[in-house]
Amino acid sequence: MSGAVGPKEEAVFERQPQAGDTLNEREAMAVSLAERIALDPHTVTDGFFEALKEHFTEDEIVEMVFACSIFNWGNKFNITMNLDSSPESAYPNGMEYREEELG
């Protein structure tokens, strides 16, 4: 990682990133929204929406929720289908997927 992207990427992967030297308040709120949608969308409460509205328009919030939902759908699809990259790909391959019995 280098340049302006590296520090922001590191901040995003912190547990519950906060606004500060690396992320501004809008960025931290956007990351928090994405985490909530991915981990448990029930945590996107009315109070959280009110906090989002302090930094984003309603149109921006709808766009972020839509984008997060599409990415999460893609993740669920890839996991369900056990997709992997080809050996010739620049991306890592040999993905290992956890399996659990429903019960």
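What you are looking at is a predicted structure, and each value in this text was computed from that prediction instead of being measured.
- Under the ring pair (Phe, Tyr, Trp, His ring centres under 6.0 Å) criterion, Phe66 pairs with no residue, sequence neighbours left out.
- Across all non-hydrogen atoms, the minimal contact from Phe48 to Thr43 is CB-O, 4.3 Å.
- Partners of Ser69 under the side chain to side chain contact (heavy atoms under 4.5 Å, CB included) rule, at least two apart in sequence or in another chain, are Val65.
- Every residue two or more places apart in sequence or in another chain was checked for a side-chain hydrogen bond (donor to acceptor under 3.5 Å, both in side chains) with Glu58, and none qualifies.
- Smallest separation of non-hydrogen atoms from Arg26 and His55: NH1-O, 2.6 Å.
- Pairing each heavy atom of Arg36 with each of Val44, the nearest pair is CB-CG2, 3.7 Å.
- Within the 4.5 Å cutoff, side-chain heavy atoms of Ile61 are placed close to those of Phe49.
- Following chains of ILVMFWY side-chain contacts shorter than 4.5 Å, one cannot reach Phe56 starting from Leu23, and the two form parts of different hydrophobic clusters.
- Between the CD atom of Glu25 and the CD atom of Glu54 there is a distance of 8.5 Å, given to the nearest 0.5 Å.
- The hydrophobic clustering, which links ILVMFWY residues whose side-chain heavy atoms are closer than 4.5 Å, places Val62 and Ile70 apart.
- Between Leu83 and Phe77, the shortest heavy-atom distance links the atoms CD1-CE2, 3.8 Å.
- Across Asn93 and Pro87, no two heavy atoms sit closer than the pair ND2-CA, 3.0 Å.
- In terms of hydrophobic clustering, with Ile, Leu, Val, Met, Phe, Trp and Tyr side chains grouped at heavy-atom distances under 4.5 Å, Phe71 and Met64 are assigned to different clusters.
- The hydrophobic cluster containing Leu33 also contains Met29, counting ILVMFWY residues as joined when their side-chain heavy atoms lie under 4.5 angstrom apart, directly or transitively.
- The minimum heavy-atom distance between Pro92 and Asp84, with the atom names listed, is O-OD1, 4.2 Å.
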